[in-house]
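The structure appears below as structure tokens.
Read the numbers this way: they start at 1 and go in the same order the structure lists the ligands and their atoms. Small disclaimer: the values here were computed from a predicted structure and weren't measured. Throughout, residue positions are numbered sequentially from 1 according to the sequence presented.
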Amino acid sequence: MADKLPARLAEHPTVRKVRARASRKPGVLDADWLREICLAAGADDVAFASVDNPALASEVEHVQAALPGTKSYISLVVKMNRDNVRSTARSVANQEFHRSGEVLNEAAHRIVRQLQDAGYRVLNPSATFPMEMDRFPGRIWVVAHKPVAVASGLGVMGIHRNVIHPKFGNFILLGTILVDAPVSSYGEPLDYSPCLECKLCVAACPVGAIGKNGEFDWQACSVHNYREFMGGFTDWVQTIADSADGDDFRSRVSDSENASMWQSLSFKPNYKAAYCLAVCPAGEDVIEPYLDDRKGFMDLVLKPLQDKKETLYVLPNSAAKAHAERRYPHKRVKVVDSGVGGR
Ligand code: B12
Ligand code: SF4
């Protein structure tokens, strides 16, 4: 029953038009219809989870803050083009990450528009960056896409802690839409892990961030791979501030490092590695060349990344530094500050 409105409001043209039409009361979202609109919008796979799913308890306060009344997650997958991710040319791999992120955000934007027009309250947090930097170095992400994808049944986290889709492997980016309505049916987690435990990801990570048992040294990853993001950027600025003059600065930071930072600031930030994803042979669409010739697959995909001459960024006295120096004598190992939490 609608509120009785004061006469001035009741007579307003907008109110009269709205009151004259049949009122739309969006209800339970039909899972088949929702899946269809998500695929038509550009997602390569999609599944749903309830906000009450106990496996996602850690997300509740964050998603309720973002969209009060959230009842369901729509978990989206967009495929990445594999050989781009595998390339030793960082510009090629980075373009693939960024473009796939845009495709995902564009798909999510279209889905949100369609659900909004059908009368739902609905929101799409960014798939990757930008994130909530006022919370840095705390939890800067609005929703953690990986656990949502796992709970919805879109894949399982491999040893390298990325979600592996049973068909597309780990060559995917993930996104999540929050909506204020229940969905008619929710997904179930997969009953097996697509991870083969081949440990190629362990062998590929230049800073030893991935342990054989699946422990993950996120700081080692972050200091190297994210050298031109957040803390790495702060360290670059600190170096400028600490330098006596231009010559001193250029003795500390090479021309190529400065040009790379410029490129990250002008276009989108360069990831330095992502080799764990590049080498992963898991997934029905990915695995065949590995099954046909495992040594050949490693020569083709793993070795060029291991052989690449590049700079590895590590913290002083870290396990990452010891790993990089021991395993990659042909790569330059540069000790840096994390740029986080003082000096
Ligand atoms: C934070 C973050 C990172 C951090 C931490 C990674 C991590 N394992 O959590 C860092 C900076 C290291 C990172 C690196 C990368 N990431 Co990232 N990252 C995220 C982010 C924002 C949240 C991840 C998350 O849910 N963490 C919490 C829990 C669920 O993760 P967890 O693995 O169970 O737990 C670990 C963390 O909590 C970490 N940790 C513990 N304390 C702290 C404290 C801080 C401050 C941080 C940062 C981490 C951290 O250690 C735990 C043990 O592994 C998501 C985007 C999003 N909004 O979801 C993308 C995301 C997970 N990243 C992604 C990618 C692709 C990458 C990179 C390949 C980047 C690249 N292009 O080079 C690497 C791969 C590193 C790896 N092997 O995991 C994809 C993964 C896609 C997939 N197939 O699963 C996501 C989903 C982005 C997306 N939209 O697709 N990432
Ligand atoms: S590279 Fe091998 S061990 Fe690592 S996640 Fe992929 S399948 Fe699992």
Side-chain angles (χ1 to χ4, degrees), residues 55-56 58-59 62-63 66 75-80 85 90 93-98 100-105 108 124-132 135-151 154-165 168-176 193-205 207 209-232 268-283 286-287 290 294 297-298 301-302 338 340-341:
L56 301 174
S58 63
E59 295 308 302
H62 305 287
V63 299
S75 181
L76 302 174
V77 164
V78 158
K79 287 198 282 185
M80 288 189 284
V85 172
R90 288 295 75 210
N94 281 309
Q95 172 69 353
E96 184 59 34
F97 278 107
H98 293 318
S100 304
E102 284 158 7
V103 169
L104 186 44
N105 283 328
N124 64 303
S126 133
T128 60
F129 290 88
M131 294 191 224
E132 298 297 295
R135 297 188 206 149
F136 183 79
R139 175 179 158 129
I140 53 177
W141 51 97
V142 171
V143 59
H145 305 307
K146 288 190 294 181
V148 175
V150 171
L154 287 173
V156 173
M157 276 198 255
I159 283 189
H160 57 8
R161 297 206 68 76
N162 292 294
V163 173
I164 306 179
H165 185 278
F168 313 143
N170 71 182
F171 293 91
I172 53 168
L173 290 183
L174 303 171
T176 311
S193 171
C195 174
L196 312 163
E197 303 197 4
C198 65
K199 316 237 164 95
L200 291 190
C201 50
V202 178
C205 180
V207 290
I210 301 164
K212 288 190 181 127
N213 310 324
E215 319 96 56
F216 181 62
D217 182 349
W218 65 267
Q219 203 174 33
C221 174
S222 182
V223 167
H224 173 62
N225 197 28
Y226 287 72
R227 174 66 192 159
E228 290 166 15
F229 296 62
M230 303 167 298
K268 285 185 173 182
N270 292 290
Y271 298 98
K272 293 288 179 192
Y275 296 175
C276 52
L277 290 191
V279 299
C280 180
V286 187
I287 200 170
Y290 177 74
R294 278 179 287 164
F297 181 84
M298 287 191 257
V301 175
L302 172 66
S338 69
V340 176

(request) Around atom 17 (Co) of ligand 1, find the nearest protein heavy atom and jot down its residue, atom name and distance. (result) Y226 OH, 3.9 Å
(message) At less than 4.0 angstrom from any non-hydrogen atom of E197, what atoms of ligand 2 do you find?
(response) 3 (S), 8 (Fe)
(message) With a 4.5 Å cut-off on side-chain heavy atoms, are Y290 and L196 touching?
(response) yes
(request) Determine if the distance from atom 2 (C) of ligand 1 to the closest protein heavy atom is below 4.0 Å. (result) no
(request) Return yes if some donor-acceptor pair links the side-chain N/O of H160 with the main-chain N/O of F216 below 3.5 Å, else return no. (result) no
(message) Which option wins on minimum heavy-atom distance to atom 6 (C) of ligand 1: Y275, F168, F216?
(response) F216
(message) Could you tell me, atom by atom, which parts of ligand 1 come under 4.0 Å of a heavy atom of P147?
(response) 29 (C)
(request) Run the numbers for me: atoms of ligand 1, each under 4.0 Å from some heavy atom of A127, listed by number. (result) 88 (C), 89 (N)
(request) Among residues two or more places apart or on two chains, list those pairs meeting salt bridge (Lys or Arg N to Asp or Glu O under 4.0 Å) that have a residue in residues 220-231. (result) R227-D235, E228-K272
(request) Report the nearest protein non-hydrogen atom to atom 57 (N) of ligand 1: residue, atom name, distance rounded to 0.1 Å. (result) V143 O, 2.9 Å
(request) Name all residues meeting the side-chain hydrogen bond (donor to acceptor under 3.5 Å, both in side chains) criterion together with H224; count only those two or more places apart in sequence or in a different chain, and write none if there are none. (result) none
(message) Checking the side chain of N225 only, and the main-chain atoms of Y271 only, is there a donor and an acceptor separated by less than 3.5 Å?
(response) no
(request) Take H62 and V143 through the side chain to side chain contact (heavy atoms under 4.5 Å, CB included) test and state the conclusion after the steps. (result) CA-CA 7 Å; H62 305 287; V143 59; over 6 Å; no
(message) When you compare ligand 1 with L174, is there at least one nitrogen or oxygen pair between them that comes in under 3.5 angstrom?
(response) yes
(request) Please tell me if the side chains of I159 and I210 come closer than 4.5 Å, counting only heavy atoms from C-beta onward. (result) yes
(request) Look only at interatomic distance and state if Y271 has a nitrogen or oxygen under 3.5 Å from any nitrogen or oxygen of ligand 1. (result) no
(message) Looking only at protein heavy atoms, which one is nearest to atom 34 (O) of ligand 1, and what is the separation?
(response) R161 NE, 3.9 Å
(request) For the residue pair C198 and P281, establish whether any side-chain heavy-atom pair is separated by less than 4.5 Å. (result) yes
(request) Flag the pair K79 / H165 as yes when at least one side-chain heavy-atom distance between them is below 4.5 Å, and no otherwise. (result) no
(request) If you have a sec, work out which protein heavy atom is nearest atom 41 (N) of ligand 1 and how many Å separate them, to one decimal? (result) W218 NE1, 3.3 Å
(message) Within the 4.0 Å heavy-atom shell around L173, which atoms of ligand 1 are there?
(response) 90 (O)
(message) Restricting to under 2.8 Å, identify the protein N, O or S atoms around atom 6 (Fe) of ligand 2 as residue plus atom.
(response) C280 SG
(message) Are V156 and P194 packed together at the side-chain level, in the sense that at least one heavy-atom pair is separated by less than 4.5 angstrom?
(response) yes
(request) For F97, take its heavy atoms, then give the atoms of ligand 1 lying under 4.0 Å from any of them. (result) 71 (N)
(message) Is any side-chain heavy atom of Y275 closer than 4.5 Å to one of L302?
(response) no
(message) Checking a contact table here: which protein heavy atom is nearest atom 56 (C) of ligand 1, and how many Å away?
(response) H145 CD2, 3.1 Å
(request) Starting from atom 63 (C) of ligand 1, find the nearest protein heavy-atom neighbour and note its residue, name and distance. (result) N162 OD1, 4.3 Å
(request) Could you tell me the residue and atom name of the protein heavy atom closest to atom 26 (N) of ligand 1, and the distance to it rounded to 0.1 Å? (result) W141 CZ2, 3.6 Å
(request) Tell me which protein heavy atom sits closest to atom 45 (C) of ligand 1, plus the residue, atom name and distance to 0.1 Å. (result) P137 O, 3.3 Å
(message) Going by the rule ring pair (Phe, Tyr, Trp, His ring centres under 6.0 Å), which residues pair with F129 if we only count those two or more places apart in sequence or in a different chain?
(response) F229
(message) Please report whether atom 51 (C) of ligand 1 has a protein non-hydrogen atom at a separation of less than 4.0 Å.
(response) no
(message) Main chain of R139, side chain of E132: is a donor-acceptor contact present, judged purely on distance under 3.5 Å?
(response) no
(request) Identify, by atom number and element, the atoms of ligand 1 in contact range of M131, meaning under 4.0 Å from any of its heavy atoms. (result) 21 (C)
(message) Quick check on atom 83 (N) of ligand 1 - does any protein heavy atom sit closer than 4.0 Å to it?
(response) yes
(request) For side chain to side chain contact (heavy atoms under 4.5 Å, CB included), just list the numbers for V77 and L174, CA-CA rounded to whole Å, side-chain angles, deciding distance to a tenth of an Å, and then say yes or no. (result) CA-CA 5 Å; V77 164; L174 303 171; 3.8 Å; yes
(message) Suppose I only count heavy atoms of H160 and a 4.0 Å limit; which atoms of ligand 1 are within that range?
(response) 76 (C), 77 (N), 78 (O)
(message) Please report whether atom 60 (C) of ligand 1 has a protein non-hydrogen atom at a separation of less than 4.0 Å.
(response) no
(message) I'd like to know if atom 30 (O) of ligand 1 has any protein heavy atom within a distance of less than 4.0 Å.
(response) yes
(message) How long is the straight-line distance from OG of S100 back to CG of L173, given to the nearest 0.5 Å?
(response) 5.5 Å
(request) Please answer whether the main-chain N or O of L277 pairs with a side-chain N or O of N170 as donor and acceptor at a distance below 3.5 Å. (result) yes
(message) Strictly less than 4.0 Å: does any protein heavy-atom distance to atom 13 (C) of ligand 1 fall in that range?
(response) yes
(message) Pairs of nitrogen or oxygen atoms closer than 3.5 Å, one from V163 and one from ligand 1: do any exist?
(response) yes
(request) Check whether any N or O atom of K146, backbone or side chain, sits under 3.5 Å from an N or O atom of ligand 1, and answer yes or no. (result) yes
(request) State the atoms of ligand 2, each with its element, that fall below the 4.0 Å cut-off from a heavy-atom position in K199. (result) 2 (Fe), 3 (S)
(request) Could you list the atoms of ligand 1 found under 4.0 angstrom from a heavy atom of N225? (result) 69 (C), 70 (C), 72 (O), 73 (C)
(request) Could you tell me if any non-hydrogen atom of E215 lies under 4.0 Å from any atom of ligand 1? (result) no
(request) Can you sort out which atoms of ligand 1 are near A144, meaning under 4.0 Å from one of its heavy atoms? (result) 25 (O), 58 (O)
(message) Looking at N94 and R90, would you say the former's side chain and the latter's main chain have a donor-acceptor pair under 3.5 Å?
(response) yes
(message) Quick check: do I140 and M230 have side-chain heavy atoms less than 4.5 Å from each other?
(response) yes
